[in-house]
Protein chains: 2
Amino acid sequence: MGDEHVTDAVVVGAGLAGSLVSVYLARRGFRVTVLERRADPRTPGAREAGRSINLGMSQRGVRALREVGLFDRIAPGTVPMRGRVVHAPDGSLSFHPYGTEEDQVLHSVFRHDLNVVLVDEAERLGVEFHWGHRVVAVDRERPAVTAEGPRGVVEHEARLVIGADGAFSAVRAQLGRGTRMTLHQEFLEWGYKELLIPVGDDGRPRTPLHALHVWPGERGLIVAHPNVDGSLTATVFLPFEGRDGFAGLDTHAGVADFFARAFPDVPALVPDVVEQFLAHRPASLVTIRTAPWHVPTGDGRGTVLLGDAAHAVYPFFGQGMNAAFEDCSVLDRCLGAHPDDLPGALAAFEQARRPHTDVLAELSKQNFVELRDKLRSPLFVARKKADLVLHRAFPRSWVPLYTLITHTTVPYGEALARARRQDRLLGGVTAALAGAALAGLARRSRTRRARRQVS
Amino acid sequence: MGDEHVTDAVVVGAGLAGSLVSVYLARRGFRVTVLERRADPRTPGAREAGRSINLGMSQRGVRALREVGLFDRIAPGTVPMRGRVVHAPDGSLSFHPYGTEEDQVLHSVFRHDLNVVLVDEAERLGVEFHWGHRVVAVDRERPAVTAEGPRGVVEHEARLVIGADGAFSAVRAQLGRGTRMTLHQEFLEWGYKELLIPVGDDGRPRTPLHALHVWPGERGLIVAHPNVDGSLTATVFLPFEGRDGFAGLDTHAGVADFFARAFPDVPALVPDVVEQFLAHRPASLVTIRTAPWHVPTGDGRGTVLLGDAAHAVYPFFGQGMNAAFEDCSVLDRCLGAHPDDLPGALAAFEQARRPHTDVLAELSKQNFVELRDKLRSPLFVARKKADLVLHRAFPRSWVPLYTLITHTTVPYGEALARARRQDRLLGGVTAALAGAALAGLARRSRTRRARRQVS
């Protein structure tokens, strides 16, 4: 064992969740040390290296950033998305606004730029970042984190240890050793690759910029977010296996043929689509549910997980970062409500949060099926439309689930319960409509048969 | 890296599953090396050290042992259990036979003795055991297992690597590194401790020997298996937390009071119940579901998991060892059916087996609830009785789920599907009976009210 270091809080992970929570903690007066495996994101060249390079920030993320006074600093680097543009196989586009209100927008943000703003702000508040430090052990009884960095192994002891180190959290793995930790880890049989839709040769965006673009499909699914420079970043979701999966799409001709068949308007938007597609290996998508999130010590200290380390979800509801930011906000409020009782604050945080992120995990799975299969079902589209019509007619009392999740901060579980109540009513409405339509068909067919008998 | 060793098959784990599968492989002509973390079970003193020291062997386990010609060698050391003896809180006993047939019995067997017979037989067939060897790495691409033993680190390369190393399998953890392995790990909020019910002072068993004993209860649950020497081994299942949980039961007075309240007939059976109870820490119960179980290589080799490493279940259906033995039998058949295609055999094994062990995991969870809560519900007991009455009347066409799981080798999933069909019919029967009973009550109550009005 090498050096030792004692502080108020050690945060493992300087990604979005780790850097934001360190801002919250510093504002609350904690001396904070952050340990991060990767290099400083402000290192030249780091901006181009990452994956999942832009994200949709919705109301939950906005609220957290406003709480720490950073939203206005971040907003100029984002592109507002006012709705979805759906690309049909025939190349036609349809626009579906997110809502009637001016603030019912999503903000497309470059993950890296957001991360840098958060790290800068944390440093301004006195947070100490240790880059290139890999966690090798967590002692949950003290608590303390041992990390190996460029200058050897250091043990960091703290009142509060936070694991914000992502879906494959080393802190979570260490906390679980020899305990009864629940862990559900499931990978989607689909993965993803990213494609850049560059600015057009005329310097203008190649497709409407102020929207989230969706190419729904059974064989594959594409989602694209706009960037401030007029380009868009598309994420192509495909099965890993099979002929039209990543495994089978390994030749120039095969990839070109696939896009021509499945997404015929994409090659015009991404001129080098084949080269971009073949340049990288597909990334995987994981759902993680775990419990407990927190481990108190006997003497008023503790360890807690947040963000993807506690609840990684599929990206199909666009809530991964938003949920992580909401975690930071809720943890901060719990620390405020239990100023002299850290274990109490951590317990309150887990109790307040876990039921809702469990719901989010399910919704994120369902939304994959919705994007892939249901957007093409007439009954489903009719229900979605009825949902929006009712929302316009009764903007306060009738709010679709997507709107509740994205444009409000109603806890996920309550949003789902409310949407289910609405859905039961709407199910009745659409069932009645469908029944009427079928009855109409039956009448017509009887009439036709009757005519045939007459003739 | 130290020495290297090449063989046909490397089995990790010399427990029940690992030693049985090595017998099957040796009979098929494989040269087999077994790596086991613990010491040789034949070492003096090893017999007394283990946990979960006896088990109920049912039809699936019996069949596998018969296949390798070992059942007759094991049978003399087992005690047949012809039914359940249920202990009521008032100390009264009721006997519920397992079936009408002579062979519808369970065999209570000492885990350690069974293990020794399997290891002896494997050695007789040429299997090489390396005791005290801990797996430090698995190379799934070759495949090869690196283990650290008393004489240093050795790498064992083989055509076939089998992970039979239990619920917290090192092979599984190594296989999953950097892959999309599904893992569901859930611990029951209840744990267990074992108690010995010694032979009586008169040299005779203190309670009927040829049965499985059950003390159902909401506050706790006890199950006891008989031993050949007339003693029984009881397993006390309690919540970990709370006043009547393991955490709260930490004093002599508290434990004595608990048994007097919850299981008043136990202190007469276990004179030193308090001392035994306080002597050990409680053990935990885990359900593990994972996928895939097998990883082929490009050149006709592969790695596969079986037994608890692939599917740990709660013990409440008594199927853990039986399912593991059935795995060995099914894997052996798959190897026979694909003699020149090891990856094909492993794929066939996983496909044949995993859906059924997934069902077993669910049934084992449900049976905990049944033992704890439902054995005291009159409607539930009525349904169970109706189930058995119908089985007696139609022994071939109506077979209760418990009988299908325990006394047949019908695959678990098919057993459940069949039981569900029966259950729907039976639900109708009991609903009709309950309806009639309620109608009768209503009639009587109306009559009484009418009388009151008259008087």
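In what follows, every heavy atom counts, from backbone to side chain, and hydrogens, waters and symmetry copies are set aside. Numbered from 1 within each chain, the chains take letters A, B, ... in sequence-line order.
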Has B:E189 got more than 12 heavy atoms of other residues, nucleotides or ligands less than 6.0 Å from its CD? yes
How about CZ on B:R37, more than 12 heavy atoms from neighbouring residues, nucleotides or ligands closer than 6.0 Å, or not? no
Is the closest side-chain heavy-atom distance between B:Q185 and A:Q185 below 4.5 Å? no
Identify which part of A:L188 has an atom lying under 4.5 Å from any heavy atom of chain B, answering side chain, backbone, both or neither. backbone
Does atom CZ of A:R38 have more than 12 heavy-atom neighbours from other groups under 6.0 Å away? no
From A:H184 NE2 over to B:T182 OG1, what is the distance, rounded to the nearest 0.5 angstrom? 12.0 Å
Using heavy-atom distances under 4.5 Å, tell me whether A:T179 contacts chain B through its side chain, its backbone, both, or neither. backbone
